[in-house]
Amino acid sequence: MRVVCPGSFDPVTNGHLDIFTRAAANWEAVTVLVTANPNKKGLFTPEERMDLIRQSLDVHPGNPGNITIDTWDSLLVDYLEKHNVKALVKGLRSSLDYEYELPMAQMNHRLNGTETYFLLTSPEYGYVSSTICKEVAKYGGDVSGLLPEPVAQAVKRKFAP
């Protein structure tokens, strides 16, 4: 079965990579789908995010090789129908993520029967978010170990004076 891991991934973190590679170990094929949130101004364009995910997976030792990357800027269920995908995989760090993700999963199921599978984040990434990493980097803090190296360098360049 093929699944989609959707998200803004602005930027992709080591926690995201952990979810992608664990999903890829359990499903035949995984598409990491970079989505656009019109309510947020991104640090990176969707194309830059896709490139950073590619670079990160290229150097990630746990990449099983069955992960592709795509982008979409409309209803997620429309992408799933267009590509004949029946399931999503989402990572959960805490009950707050669950509270946020549950209504979306239920709406997607109502719209076209999409199943959503939740993977619990590995404990070492439970506090890592793109937002926190951007905030730390913006003020010169160290994000090594939280972001893949190509992403950490790109974030530093974005915030360089």
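Just so we're clear, the structure is a prediction, and the values are computed from it rather than from any experiment. Just the heavy atoms: all of them, side chains too, but no hydrogens, waters or symmetry mates, feed the values below.
- Residue pairs meeting the side chain to side chain donor-acceptor pair (under 3.5 Å) criterion with at least one partner in residues 140-156, sequence neighbours excluded, are Asp142-Ser144, Glu149-Gln153.
- Under the 3.5 Å distance criterion, the side-chain polar atoms of Thr71 are matched with a main-chain donor or acceptor of Val34.
- Put simply, CD1 on Ile69 and CG on Leu57 are 5.5 Å apart, with the number rounded to the nearest 0.5 Å.
- Closest approach of Leu146 and Tyr127 over heavy atoms only: CD2-OH, 3.5 Å.
- When side chains are defined from C-beta on, Met50 does not count as touching Phe9, because their heavy atoms never get closer than 4.5 Å.
- For His109, there are no ring pair (Phe, Tyr, Trp, His ring centres under 6.0 Å) partners, not counting sequence neighbours.
- In this structure, Val151 is a member of the same hydrophobic cluster as Val136, with clusters built from ILVMFWY side-chain heavy atoms closer than 4.5 Å.
- Residues forming a salt bridge (Lys or Arg N to Asp or Glu O under 4.0 Å) with Lys158 (at least two apart in sequence, or on another chain): Glu48.
- Residues Glu28 and Met1 form no side-chain contact, since every pair of their non-hydrogen atoms from C-beta on lies 4.5 Å or further apart.
- A 4.5 Å side-chain heavy-atom check between Val128 and Cys133 finds at least one atom pair inside the cut-off.
- For Thr35 (side chain) and Gly7 (main-chain N/O), a donor-acceptor pair under 3.5 Å exists by modelled atom type.
- The minimum heavy-atom distance between Ala105 and Thr116, with the atom names listed, is CB-OG1, 3.5 Å.
- A distance of 7.0 Å separates CG of Asn26 from CG of Leu119, quoted to the nearest 0.5 Å.
- Here the side chains of Ser129 and Arg93 are in contact, with some heavy-atom distance below 4.5 Å.
- Distance NZ/Lys138 to CZ/Phe159: 6.5 Å, rounded to 0.5 Å.
- With sequence neighbours left out, the side chain to side chain contact (heavy atoms under 4.5 Å, CB included) criterion links Arg2 to Ala29, Thr31, Tyr79, His83, Val85.
- In terms of heavy-atom proximity, Phe44 sits nearest to Pro11 at CE1-CB, 3.9 Å.
- Leu33 and Leu111 are assigned to two separate hydrophobic clusters, defined by single-linkage of ILVMFWY side chains at heavy-atom distances under 4.5 Å.
- In plain terms, the two heavy atoms of Leu76 and Pro6 that are nearest each other are CD2-CG, 3.8 Å.
- Considering only residues two or more places apart in sequence or on other chains, Asp51 meets the side chain to side chain donor-acceptor pair (under 3.5 Å) condition with Gln55.
- Proximity of Leu88 to Thr114: side-chain heavy atoms (C-beta onward) are separated by under 4.5 Å at one or more points.
- Legend: residues meeting side chain to side chain donor-acceptor pair (under 3.5 Å) with Tyr125, ordered by chain and number and at least two apart, are absent.
- Here Ser94 pairs with Leu96 under the side chain to side chain contact (heavy atoms under 4.5 Å, CB included) rule; sequence neighbours left out.
- Criterion: ILVMFWY side-chain heavy atoms under 4.5 Å apart, direct or through other members. Under it, Ile19 and Leu92 are not part of a common hydrophobic cluster.
- Considering CG of Asn108 and CD of Glu101, their distance stands at 9.5 Å, rounded to 0.5 Å.
- Counting side-chain heavy-atom gaps under 4.5 Å among Ile, Leu, Val, Met, Phe, Trp and Tyr, the cluster of Tyr100 also holds Met104.
- For residues 8-20, the pairs satisfying side chain to side chain donor-acceptor pair (under 3.5 Å) are Asp10-Lys134, Thr13-His16, Asp18-Arg22, Asp18-Ser122, with sequence neighbours left out.
- Annotation: side chain to side chain contact (heavy atoms under 4.5 Å, CB included) contacts of Val59 (sequence neighbours excluded): Pro150.
- For Glu115, there are no salt bridge (Lys or Arg N to Asp or Glu O under 4.0 Å) partners, not counting sequence neighbours.
- Shown here is Asp73, whose CG atom has no more than 12 heavy atoms of other residues, nucleotides or ligands within 6.0 Å.
- For Pro64 against Ile67, the heavy-atom pair with the smallest separation is CD-CD1, 4.3 Å.
- Proximity of Val89 to Phe20: side-chain heavy atoms (C-beta onward) are nowhere separated by under 4.5 Å.
- With hydrogens and angles ignored, the 3.5 Å screen pairs no side-chain donor or acceptor of Trp27 with any backbone N or O of Val30.
- The closest side-chain heavy-atom distance from Val12 to Arg49 is not below 4.5 Å.
- Put simply, Leu43 and Val32 are part of the same group of oily side chains (I, L, V, M, F, W, Y) that touch within less than 4.5 Å, one to the next.
- When every heavy atom of Gly91 is checked against every heavy atom of Thr121, the shortest pair comes out as C-OG1, 4.4 Å.
- Contacts of Arg110 classified as side chain to side chain contact (heavy atoms under 4.5 Å, CB included), with partners at least two apart in sequence or in another chain: Met107.
- A continuous path of Ile, Leu, Val, Met, Phe, Trp and Tyr side chains, each step under 4.5 Å between heavy atoms, connects Val155 with Ile132, placing both in one hydrophobic cluster.
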